[in-house]
Amino acid sequence: MGFPPRKIIITTTHKASDESRSLSKLLEHIIPNATYIPRGSKNIDEILLISLEADAEYIFVCHSKGNKVTEIKFYLIVEDQLKLLDRYMKIYEYIDYKIFGWPTMPEKGPLSVSREVRNVNPEIIDFMEKMFRLEVGLKTRLWLLVDTDKYEGYLQFVDALTVKPFTHLRISIKSNNQRKL
């Protein structure tokens, strides 16, 4: 039996969009041991200090442009410093639970995925298994369904009791090293 997973702090950039805040709250709901911290006027050093006090391992930052969420950057906390991870999640489309008719989000996560669905897009599932603490092959209240084309993945979060989706994302996993400076 291992140690429980260390905490993840989820926040947004300054002047966050409604979508960015909505996705941050959703991630807090589905990722075990995650906490959403509203950014407000806090700078990244203040977020880091809060994370250190909470004994967090990661900080996830939801970025937005206009009123759309655009990406999530992932930072590892090493001693008292932030290390930007090599991969980030590019978000092309986000449809939240309200669109699907949910007055509130279903019971709290974690997400699980079947072993068969894992084979649809192993890169996305590997990434989500590590960063979102996705459970592969276990029965949980919330499920992840994955569809994919050559470059993008389509994720649906589904309530297992009603078999009804409550969120949809169109994403790709990108490398920070491929970005132009």
Side-chain angles (χ1 to χ4, degrees), residues 4-12 16-36 57-65 67-74 85-176 178:
R6 288 180 58 203
K7 292 184 181 173
I8 293 172
I9 300 298
I10 302 166
T11 193
T12 62
S17 69
D18 290 341
E19 271 195 7
S20 184
R21 284 190 287 276
S22 172
L23 180 59
S24 296
K25 291 173 188 173
L26 174 76
L27 294 177
E28 175 187 42
H29 188 77
I30 64 171
I31 299 173
N33 229 7
T35 303
Y36 168 59
E57 182 177 16
Y58 293 102
I59 297 175
F60 296 178
V61 180
C62 290
H63 292 256
S64 56
K65 187 172 187 178
N67 198 30
K68 298 288 183 189
V69 64
T70 57
E71 63 189 21
I72 303 172
K73 291 185 180 176
F74 303 91
L85 297 184
D86 176 48
R87 300 216 178 255
Y88 69 100
M89 181 181 284
K90 179 71 178 160
I91 301 170
Y92 303 102
E93 183 178 38
Y94 166 59
I95 301 172
D96 70 8
Y97 60 95
K98 294 173 193 150
I99 301 294
F100 292 100
W102 289 91
T104 60
M105 285 183 266
E107 191 175 307
K108 198 164 172 66
L111 286 171
S112 66
V113 68
S114 70
R115 296 191 193 286
E116 296 79 21
V117 170
R118 188 186 198 303
N119 296 327
V120 171
N121 192 321
E123 179 188 21
I124 287 176
I125 298 300
D126 287 345
F127 186 81
M128 291 191 67
E129 190 174 3
K130 179 181 179 190
M131 300 312 297
F132 289 19
R133 298 179 175 150
L134 177 68
E135 300 282 347
V136 177
L138 295 179
K139 292 185 179 184
T140 65
R141 172 72 191 266
L142 303 179
W143 295 342
L144 173 66
L145 297 180
V146 179
D147 197 1
T148 190
D149 64 20
K150 189 172 182 180
Y151 302 105
E152 297 174 1
Y154 302 88
L155 310 179
Q156 282 203 337
F157 303 153
V158 177
D159 176 72
L161 292 181
T162 62
V163 194
K164 179 179 173 185
F166 62 93
T167 300
H168 169 84
L169 288 163
R170 184 168 57 98
I171 67 160
S172 63
I173 306 301
K174 304 270 189 182
S175 171
N176 284 314
Q178 296 171 347

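Without hydrogens or angle criteria, K108 side chain to E28 main chain gives a donor-acceptor distance under 3.5 Å. A donor-acceptor pair under 3.5 Å is absent between the side-chain atoms of S20 and the main chain of A16, judged by distance alone. Judged by distance alone, the side chain of K164 and the main-chain N or O of F100 form a donor-acceptor pair under 3.5 Å. Looking only at distances, no side-chain donor or acceptor of S24 sits under 3.5 Å from a matching main-chain atom of T12. Remark: side-chain polar atoms of H29 are paired, donor with acceptor, to backbone N or O of P106 under 3.5 angstrom. The backbone N or O of S17 sits less than 3.5 Å from a side-chain atom of S64, completing a donor-acceptor pair. No donor-acceptor distance shorter than 3.5 angstrom exists from the side chain of T35 to the backbone of I9, with no hydrogens or angles considered. No donor-acceptor distance shorter than 3.5 angstrom exists from the side chain of W143 to the backbone of V163, with no hydrogens or angles considered. The closest donor-acceptor contact from the side chain of D96 to the backbone of E19 lies at 3.5 Å or more, if one exists at all.
Aromatic ring orientation, F74 versus F127: perpendicular (interplanar angle above 60°, classes split at 30° and 60°).
Nearest heavy-atom pair, Y97 versus P103, reported as atom, atom and distance to 0.1 Å: CE1-O, 4.1 Å. For R133 against N33, the heavy-atom pair with the smallest separation is NH1-CB, 3.7 Å.
Among the candidates R170, K174, K90, the single residue satisfying the salt bridge (Lys or Arg N to Asp or Glu O under 4.0 Å) test with E152 is R170. Screening I125, D126, I124 against M128 for a side-chain contact (heavy atoms from CB on, under 4.5 Å) leaves a single residue, I124.
With hydrogens and angles left out, the side-chain atoms of S22 and Y94 include a donor and acceptor closer than 3.5 Å. Defined by atom type and a distance below 3.5 Å, a donor-acceptor pair is missing between the side-chain atoms of Y154 and T148.
Proximity of L155 to H168: side-chain heavy atoms (C-beta onward) are nowhere separated by under 4.5 Å. Between T140 and L111 the shortest side-chain heavy-atom distance does not fall below 4.5 Å.
Salt bridge E129/R118: present, at least one basic N to carboxylate O contact under 4.0 Å. Of the charged side-chain nitrogens involved, none lies within less than 4.0 Å of a carboxylate oxygen, so that E71 and K65 do not count as a salt-bridged pair.
In this structure, OH on Y92 lies 12.5 Å from CG on L169, to the nearest 0.5 angstrom. Going from atom CZ of F166 over to atom OG1 of T104 covers 10.5 Å, rounded to the nearest 0.5 Å.
Identified under the salt bridge (Lys or Arg N to Asp or Glu O under 4.0 Å) test for residues 134-147, with sequence neighbours left out: E107-R141, R141-D159.
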